[in-house]
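A quick write-up on the structure given underneath.
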There are 2 protein chains.
Amino acid sequence: MQQILCTVDVVLLTLQDDMLKVALLRRDREPFKGVAALPGGFIRQQDDADTRDAALRVLRDKTAIEPPYLEQLATFSGPARDPRGWSVSVVYYALVPFDVIDSAGHPDVKLVGVDKPVGLPFDHRLIIDTAVARLRSKSQYSSLPCYLAGETFTLPQLQRVYEALMGEALNKVSFRRKMTEMDMLEPVEGAFSAGGAHRPAQLYRLKPELRDRLTLIERGL
Amino acid sequence: MQQILCTVDVVLLTLQDDMLKVALLRRDREPFKGVAALPGGFIRQQDDADTRDAALRVLRDKTAIEPPYLEQLATFSGPARDPRGWSVSVVYYALVPFDVIDSAGHPDVKLVGVDKPVGLPFDHRLIIDTAVARLRSKSQYSSLPCYLAGETFTLPQLQRVYEALMGEALNKVSFRRKMTEMDMLEPVEGAFSAGGAHRPAQLYRLKPELRDRLTLIERGL
DNA sequence: GCAATAGTGTCTTTCAGACAATATGCA
DNA sequence: TGCATATTGTCTGAAAGACACTATTGC
């Protein structure tokens, strides 16, 4: 009997112009050669310490991106999702500020609005929808959106990120209160946003000790 | 090169005497033959429509239980977790009222407090801890605990379930308000708890349309 | 000064917990 | 009646949203 195919796929998400986008790559081999799809590949026993490691390797090889945030989403499986046979795909999702993708400058990576792509191969449509749902749900009560906001950001910028993800306007005073009591940001001393013909805003960054772990909040935004 | 081992494991959780317990089985084959472990097994391409299906099959075969609630937990992987080689285990967790396990009456199934078991094989200790953390976290803002409470239950009973899971006393009035506004329970007309030398309580059941899906709440309990 | 956006003070509404009163079964 | 627990009413404090006011920049 043929073996089960073991793969990983990555849903790389970013925010461009307040729109949630997913990174797609044209497949360079069969099946679905030439079709835009999620970055993915086979697990390599000799190279990968686990599936997370495999996801990082795939991302590094295909997009040259080291994501600041990567989390396991779920595992998708079955006899029909891959025409080559019964397959298991362990899927991770990554959050990356747009400028990281931009500066990585990988020409093959295409950013597409998460609701846009049709005709995706495998069950990638389902996978993307699952990732977006997870991100939206988790954004309500965690610091997750900060990973989409870049290295430093102002509170109004961060609020727009949250609003873009959750699809609704947030109360400015409440938002700032929340951010204060979550106690996960620190001001970048003396650094302010520049450019507009208006009052500059204080720049903040994630507290260093929180770079790699989420902060959860009690009551949502 | 040797193939990747593809397995499923199930964390079957129940509440017995207000204690969260996990179902363990003595392994009937190597590796770790005779050692108590989570029910699990290889994915069978010819039998299983997906990993969820495989988890249900394993549970049915080894414990004769059809769980009312089964959700994918996460996938655990790596070269060292199974002595036979690089392995991937897609893990599900199931919630079952104690009397379902009791009446299934499978003699091999042992219920053990979730913090108890030491010397578990593979990474089953980590898996159980992950499942318990997920259950506790999700219980705060969903109807999940209802699946541990049995077919019908009184509100005070359900509150004790929530309290056992979350490890803290809950405000009675607030709890009842939440249950009312979650709108997921319906009273069993004319049915009341009996037995005690005191006022009987109204029996409730999950609304039929919610049997198979969770209700989420906005703000926690 | 004016336009535009940042940041804050305060009032009002909404929600959760405390407390207590009432309800209902059994001995 | 008295006890134990269920159920409900009401008060109070905390949290969230609405609104408006002040602050700071470029023009």
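By convention in this document, chain letters (A, B, ...) are assigned in the order of the sequence lines, proteins followed by strands, and residues within each chain are numbered from 1. Here the structure is a predicted model, which is why all the values come from computation and not from measurement.
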> How many angstroms lie between atom CG of B:Leu135 and atom CD of B:Glu71, to the nearest 0.5 angstrom?
Replying inline: 10.0 Å
> Between CD of B:Gln16 and CG of B:Leu148, what distance do you get to the nearest 0.5 Å?
Replying inline: 12.5 Å
>> Checking contacts here: which listed nucleotide (C:dA18, D:dA16, C:dA16) is nearest the side-chain heavy atoms of B:Arg177?
In response: C:dA16
> Nearest to the side chain of A:Val173, which nucleotide is it out of C:dG17, D:dA6, D:dC19?
Replying inline: D:dC19
For atom [atom1] of [X] and atom [atom2] of [N], their distance in whole Å:
| X | N | atom1 | atom2 | answer |
| --- | --- | --- | --- | --- |
| A:Asn171 | D:dA20 | CG | P | 14 Å |
| A:Lys178 | C:dG7 | NZ | C1' | 20 Å |
| B:Arg176 | D:dA6 | CZ | P | 8 Å |
| A:Glu168 | D:dA16 | CD | C1' | 13 Å |
| B:Met182 | C:dC15 | CE | C1' | 16 Å |
| A:Phe175 | D:dA18 | CZ | C1' | 18 Å |
| A:Lys172 | D:dA15 | NZ | C1' | 19 Å |
| A:Met179 | D:dA16 | CE | C1' | 14 Å |

> Quick one: do the B:Ser77 and A:Asp50 side chains pair a donor with an acceptor below 3.5 Å?
Replying inline: no
>> Can you confirm whether the side chains of A:Thr130 and A:Tyr93 place a donor and an acceptor under 3.5 Å from each other?
In response: no
> Is the count of non-hydrogen atoms from other residues, nucleotides or ligands lying under 6.0 Å from B:Lys116 atom NZ greater than 12?
Replying inline: no
> Should we count CD of A:Glu151 as having more than 12 external heavy atoms under 6.0 Å?
Replying inline: no
> With under 30° as parallel and over 60° as perpendicular, where do the rings of A:Tyr162 and A:Phe175 fit, or are they tilted in between?
Replying inline: perpendicular
>> Which residues in residues 135-166 of chain A have a heavy atom closer than 4.0 Å to any atom of DNA chain C?
In response: A:Pro156
> Where the side chain of A:Glu181 meets the backbone of A:Lys178, is there a donor-acceptor pair that is under 3.5 Å apart?
Replying inline: no
> Looking at A:Leu158, A:Val188, A:Leu155, which one forms a side-chain contact (heavy atoms from CB on, under 4.5 Å) with A:Tyr204?
Replying inline: A:Leu155
What does the list of N/O pairs under 3.5 Å between the protein and nucleotides 23-27 of chain D look like, with a distance for each?
unit_1	atom_1	unit_2	atom_2	d
D:dA23	O4'	A:Arg199	NH1	3.4
D:dA23	N3	A:Arg199	NH1	3.2
D:dT24	O2	A:Arg199	N	3.1
D:dT25	O2	A:Ala197	O	3.4
D:dT25	O2	A:His198	N	3.2

